[in-house]
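Notes to accompany the following structure.
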Amino acid sequence: MAPNLSSSTFERRSPPIKLAELSSLSAADSAAINAVLARLKNLPGALLPILHGVQDALGYVPKDAVPVIAKSLNLSRAEVHGVISFYHWYRTEKPGEHVLHLCRAEACQAVGGRALEAHVKTTLGIDFHETTADGRYTLEPAYCLGNCAVGPSLMIDGALKGRVTADRFDRLTGVTA
Amino acid sequence: MSALKEAVTIYVPRDSTAISLGADEVAAAITAEAARIGLDIKLIRNSSRGMFWLEPLVEVATDAGRIGYGPVQPEDVASLFAAGLTHGARHPLSLDLVEEIPYIKNQERLTFARAGITDPVSLADYRAHDGYNGLTNALAMEPAAIIAAVTDSGLRGRGGAAFPAGIKWKTVAGAEGAQKYIVCNGDEGDSGTFADRMVCEGDPFVLIEGMTIAGVAVGATRGYIYLRCEYPYGERALNEAIKAAYAANWLGANIQGSGKHFDLEVRMGAGAYICGEETSLLESLEGKRGMVRFKPPLPAIKGLFGCPTVINNVITLASVPIILDKGAEHYKNFGVGRSRGTLPVQLAGNIKHGGLVEKAFGVSLRDLLYTFGGGALSGRPIRTVQVGGPLGAYIPDSQFDLPLDYEAYAKVNNMVGHGGITVFDDTVDMAEQARFSMEFCATESCGKCTPCRIGSTRGMEVIDRLVAGDQPVKQEALLRDLCDTMLAGSLCALGGMAPFPVLSALNHFPEDFQKSSQQQTPRVRVAS
Ligand SMILES: Cc1cc2nc3c(=O)[nH]c(=O)nc-3n(C[C@H](O)[C@H](O)[C@H](O)COP(=O)(O)O)c2cc1C
Ligand code: SF4
Ligand code: FES
């Protein structure tokens with residue numbers, strides 16, 4: 001299977017410091033990654049669709065997926081890593097059970113977005129790009145969700161919410177500070 | 001009429017703004033209530049009319065026309081049925097005939113002719129409302145004549161740069177290349193804009209049709225829609241529509257027996273504002289980091305995968321079908337000066353009647369903000385509006401009478417851009433807004449140019465010191481200097497225009513930068 005192939009290449013190129021990490025990809029994750037690759041790798045410009053596919057399947061793009069993806073597309077690991085780090089959407093850490101995208105952009109600022117941001121951070125006890133200690137929520141910033149006439153806006157696992165007051169946020173998440 | 005009692009048709013939008021306010025729950029409540037009282041209804045998930053303060057806006061088809069109710073919440077549903085919603089009876093949420101609501105009635109809807117009326121993913125509905133008339137005409141024309149029609153219509157790119165669409169198409173048509181591409185820019189990163197989203201979710205066939213016409217005109221057989229990943233609802237609607245278009249031979253090989261071929265695919269962005277810039281977008285489509293390319297070569301000559309490429313905004317492409325259907329003259333007869341046709345303006349932020357207003361060019365901001373918008377949502381005075389997204393200037397009341405026109409705006413360093421108008425009331429802190437513009441530029445810079453990458457971070461620091469009253473005269477001079485460097489030393493408009501909101505805030509609202517010398521205002525400051 002592909003992960004084995006790639007781990008052998010990986011070992012050849014660099015000393016075994018990363019061996020522990022390599023084995024961290026579970027059999028199920030490997031299978032999911034390989035399914036995405038099999039489906040998308042022949043598209044022209046396949047890398048972004050593949051990264052989306054992996055993130056949709058696993059919730060993130062595990063570091064150990066990088067050599068597998070690189071090998072399948074004939075790219076260097078640095079190239080794949082460079083793309084992942086360029087785009088805000090991709091994450092390399094496992095997220096919480098739910099991912100919140102909170103809009104920080106101007107139209108939401110104009111209707112209390114900054115105060116909502118403060119409320120969300122205190123209530124969850126985390127900053128952007130962090131996950132709550134109980135693993136329930138990961139908080140990410142968004143720069144506009146296209147919901148600018150009815151802000152402040154928020155996306156919960158891809159579901160858009162408008163006119164989000166502090167109260168509505170508490171009701172949506174069931175979290176209180 | 002027929003003696004057979006037909007099921008009453010009820011509409012609940014599937015637009016994501018409507019959904020963000022509870023449209024899915026309302027649709028479910030309507031289905032449940034109808035079942036409970038044993039009533040046969042036909043529920044259609046239409047698109048939104050763009051009157052977002054009325055969403056979820058429920059409509060019912062009656063002999064007199066479509067009657068609206070809104071904004072409806074699930075708990076209103078039982079009382080709506082009890083009052084006689086199914087025959088358009090009155091209720092406290094009644095809006096009467098939707099098409100008579102002044103907000104809609106006073107618009108000139110060309111690109112958004114079907115918005116809120118049709119089922120967005122029904123090809124039959126699209127066809128019944130003039131859909132594919134434009135492509136049908138185009139298929140019977142010489143490619144050069146299609147391009148001439150687009151040129152004659154005066155249509156300019158709606159993504160921001162306002163470049164004449166016909167001229168771009170002509171360049172691609174004349175470029176050498178076995179493979180050519182049509183790329184739709186659906187990155188819509190500007191805060192305060194949602195017109196592209198509304199097309200993708202609310203009338204996806206019009207975009208598909210516009211891209212197909214472009215393909216036939218320039219000899220491109222393949223198209224990509226690059227859609228921002230913040231638009232999952234749009235992605236689903238587009239893919240449903242593309243599937244239906246293939247099934248009915250409006251996409252694929254030998255379209256409607258014409259011998260023309262056009263394939264179309266949606267590709268998702270990944271949360272990078274810079275990927276709205278056309279060359280960055282092409283890099284991204286090729287599977288790379290979205291680094292801005294040097295021009296020349298123009299994408300029209302060497303674009304996607306090095307091939308001649310038309311890249312146009314969603315609204316530009318979605319405006320093409322009506323031009324080919326009703327003729328260049330019809331489109332051109334709207335507008336002023338060199339700004340022809342209509343612009344779908346988006347009223348956003350602190351505004352009572354937020355939504356989509358498609359008007360011929362020439363309308364004033366004041367008209368948009370007060371006649372259509374109804375003033376600030378908070379009921380307080382409007383202090384400023386930012387037009388054209390995060391790189392657009394903050395405009396003070398003294399310029400609200402400026403006509404919406406590319407040239408008139410450019411003359412005073414404002415920008416029409418993609419037509420987003422973000423409204424702020426008098427509680428806005430302009431120093432905070434200026435700082436955010438710099439912060440945004442720093443976050444979203446592709447990193448190629450130093451003034452953009454580093455200058456923006458310096459800009460934040462200088463604004464912080466200026467506001468803190470730390471040698472303010474020196475800091476202001478520094479800030480202006482920095483803005484000059486960014487204006488002059490940036491490869492693209494991210495670094496090259498981020499100074500506009502900053503300088504406009506500084507020039508029009510200098511008092512907000514001198515807070516430390518005055519009494520501290522009790523504004524909530526959020527450290528991030
Ligand atoms: C920083 C930056 C961001 C941009 N973002 C967008 C965008 O989100 N959508 C868009 O259509 N054009 C955007 N543009 C403009 C595009 O570069 C390009 O002009 C446009 O896609 C051409 O299509 P049009 O002629 O139909 O407007 C952006 C430009 C810059 C410099
Ligand atoms: S101005 Fe900024 S975003 Fe544009 S090319 Fe330069 S560094 Fe990249
Ligand atoms: S600015 Fe927040 S959704 Fe557009």
Side-chain angles (χ1 to χ4, degrees), chain A residues 43-53 55-56 73 75 79-80 82-90 101 103-119 121 127-128 140-151 153-155 157-164, chain B residues 16-17 19-21 52-53 55 188-194 196-197 228-234 267-273 284-291 304-305 346-351 354-355 377-378 386 390 420 422-425 428 432-433 436 440 443-444 446 524-526 528:
Chain A
L43 290 180
L47 186 50
L48 269 76
I50 286 172
L51 295 174
H52 277 304
Q55 184 154 311
D56 288 349
L73 293 183
L75 296 170
E79 281 170 299
V80 175
V83 168
I84 295 172
S85 61
F86 183 87
Y87 295 97
H88 303 304
W89 191 256
Y90 301 126
H101 281 97
C103 180
R104 292 195 70 217
E106 289 90 340
C108 285
Q109 292 167 6
V111 284
R114 285 195 178 89
L116 177 68
E117 179 180 327
H119 174 81
K121 287 178 177 173
D127 206 335
F128 286 126
E140 299 285 354
Y143 294 92
C144 192
L145 298 166
N147 205 34
C148 327
V150 300
S153 300
L154 168 73
M155 208 139 86
D157 300 329
L160 189 61
K161 307 290 168 188
R163 295 260 185 258
V164 183
Chain B
S16 63
T17 286
I19 289 174
S20 87
L21 299 172
F52 289 138
W53 77 99
E55 294 291 0
E188 196 164 64
D190 292 358
S191 166
T193 66
F194 41 76
D196 296 350
R197 176 185 68 67
R228 65 200 303 257
C229 59
E230 291 85 349
Y231 286 179
Y233 298 87
R267 285 290 177 90
M268 299 308 282
Y273 178 77
S284 186
L285 264 181
E286 291 180 8
K288 303 176 198 153
R289 299 158 64 93
M291 298 294 278
L304 186 62
F305 302 115
Q346 300 123 88
L347 293 178
N350 199 330
I351 185 91
L377 176 68
S378 61
Q386 187 179 30
T422 300
V423 182
F424 295 82
D425 72 10
V428 66
E432 220 161 40
Q433 296 311 121
F436 179 79
F440 182 74
T443 309
E444 300 296 336
C446 85
V524 194
R525 272 198 162 259
V526 182
S528 58

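Residue numbering restarts at 1 for every chain, and letters A, B, ... go by the order of the sequence lines. These numbers come from the heavy atoms of this one structure, side chains and all, not from hydrogens, waters or symmetry mates.
- Taking CD from A/Q55 and SG from B/C229, the interatomic distance works out to 9.0 Å, rounded to the nearest 0.5 Å.
- Applying the side chain to side chain donor-acceptor pair (under 3.5 Å) rule to B/Q346 yields no partners; only residues at least two apart in sequence or on another chain are considered.
- For a residue to count as touching a neighbouring chain, one of its non-hydrogen atoms must lie under 4.5 Å from one of that chain's; by this rule B/T193 touches chain A with the backbone only.
- Neither the backbone nor the side chain of A/S153 comes within less than 4.5 Å of any heavy atom of chain B.
- For chain A, the option among B/L304, B/T443, B/D190, B/L347 with the highest count of heavy-atom pairs below 4.5 Å is B/T443.
- Between the side chain of B/S191 and the main chain of A/A107, a donor-acceptor pair closer than 3.5 Å is present.
- Checked by atom type and distance alone, the side chain of B/R289 pairs as donor or acceptor with a backbone atom of A/G82 at under 3.5 Å.
- For B/E286, the part sitting under 4.5 Å from any heavy atom of chain A is the backbone (N, CA, C, O) and nothing else.
- Going from atom CG of B/L21 over to atom CG of A/N147 covers 6.5 Å, rounded to the nearest 0.5 Å.
- For the residue pair A/L160 and B/T17, the shortest heavy atom distance occurs at CD2-N, 4.4 Å.
- Taking CD from B/E432 and CZ from A/R114, the interatomic distance works out to 4.0 Å, rounded to the nearest 0.5 Å.
- In terms of heavy-atom pairs under 4.5 angstrom with chain B, the leader among A/G158, A/A105, A/P44 is A/P44.
- Heavy atoms of B/P232 lying under 4.5 Å from chain A belong exclusively to its side chain.
- Interface residue B/L285: only backbone heavy atoms are found under 4.5 Å from chain A.
- A distance of 9.0 Å separates SG in A/C144 from CZ in B/R197, rounded to the nearest 0.5 Å.
- Among B/C446, B/G290, B/A348, B/S16, the residue making the largest number of heavy-atom pairs under 4.5 Å with chain A is B/G290.
- Heavy atoms only, all atoms of each residue included: A/C148 and B/G192 are closest at SG-N, 3.3 Å.
- Chain A forms the most heavy-atom pairs under 4.5 Å with one residue out of B/F424, B/F436, B/W53, and that residue is B/F436.
- Between chain A and the residues B/G269, B/G355, B/S378, the most heavy-atom pairs under 4.5 angstrom are made by B/G269.
- Closest approach of A/F86 to B/A272, counting heavy atoms only: CE2-CB, 4.1 Å.
- When each of A/L43, A/V80, A/I50, A/I84 is scored by its heavy-atom pairs under 4.5 Å with chain B, the top score falls to A/L43.
- Minimum heavy-atom separation, A/H88 to B/G271: CD2-O, 2.7 Å.
- In this structure, the ring of A/Y143 has its center no less than 6.0 angstrom from the ring center of B/Y273.
- Of all heavy-atom pairs between B/M268 and A/H52, the closest is O-NE2, 3.4 Å.
- Contact between B/F194 and A/G146 at its shortest, heavy atoms only, is CB-O, 3.3 Å.
- Here the side chain of B/R267 pairs a donor or acceptor atom with the backbone of A/G45 at under 3.5 angstrom.
- Of the two parts of B/D425, neither the backbone nor the side chain holds a non-hydrogen atom closer than 4.5 Å to a non-hydrogen atom of chain A.
- Note: B/Q386 leads B/Q386, B/E55, B/E188 in heavy-atom pairs under 4.5 Å with chain A.
- Separation of atoms OG (B/S20) and CZ (A/R163) is listed at 8.5 Å; rounding is to 0.5 Å.
- Contact of A/P49 with chain B is made through the side chain alone, with heavy-atom distances under 4.5 Å.
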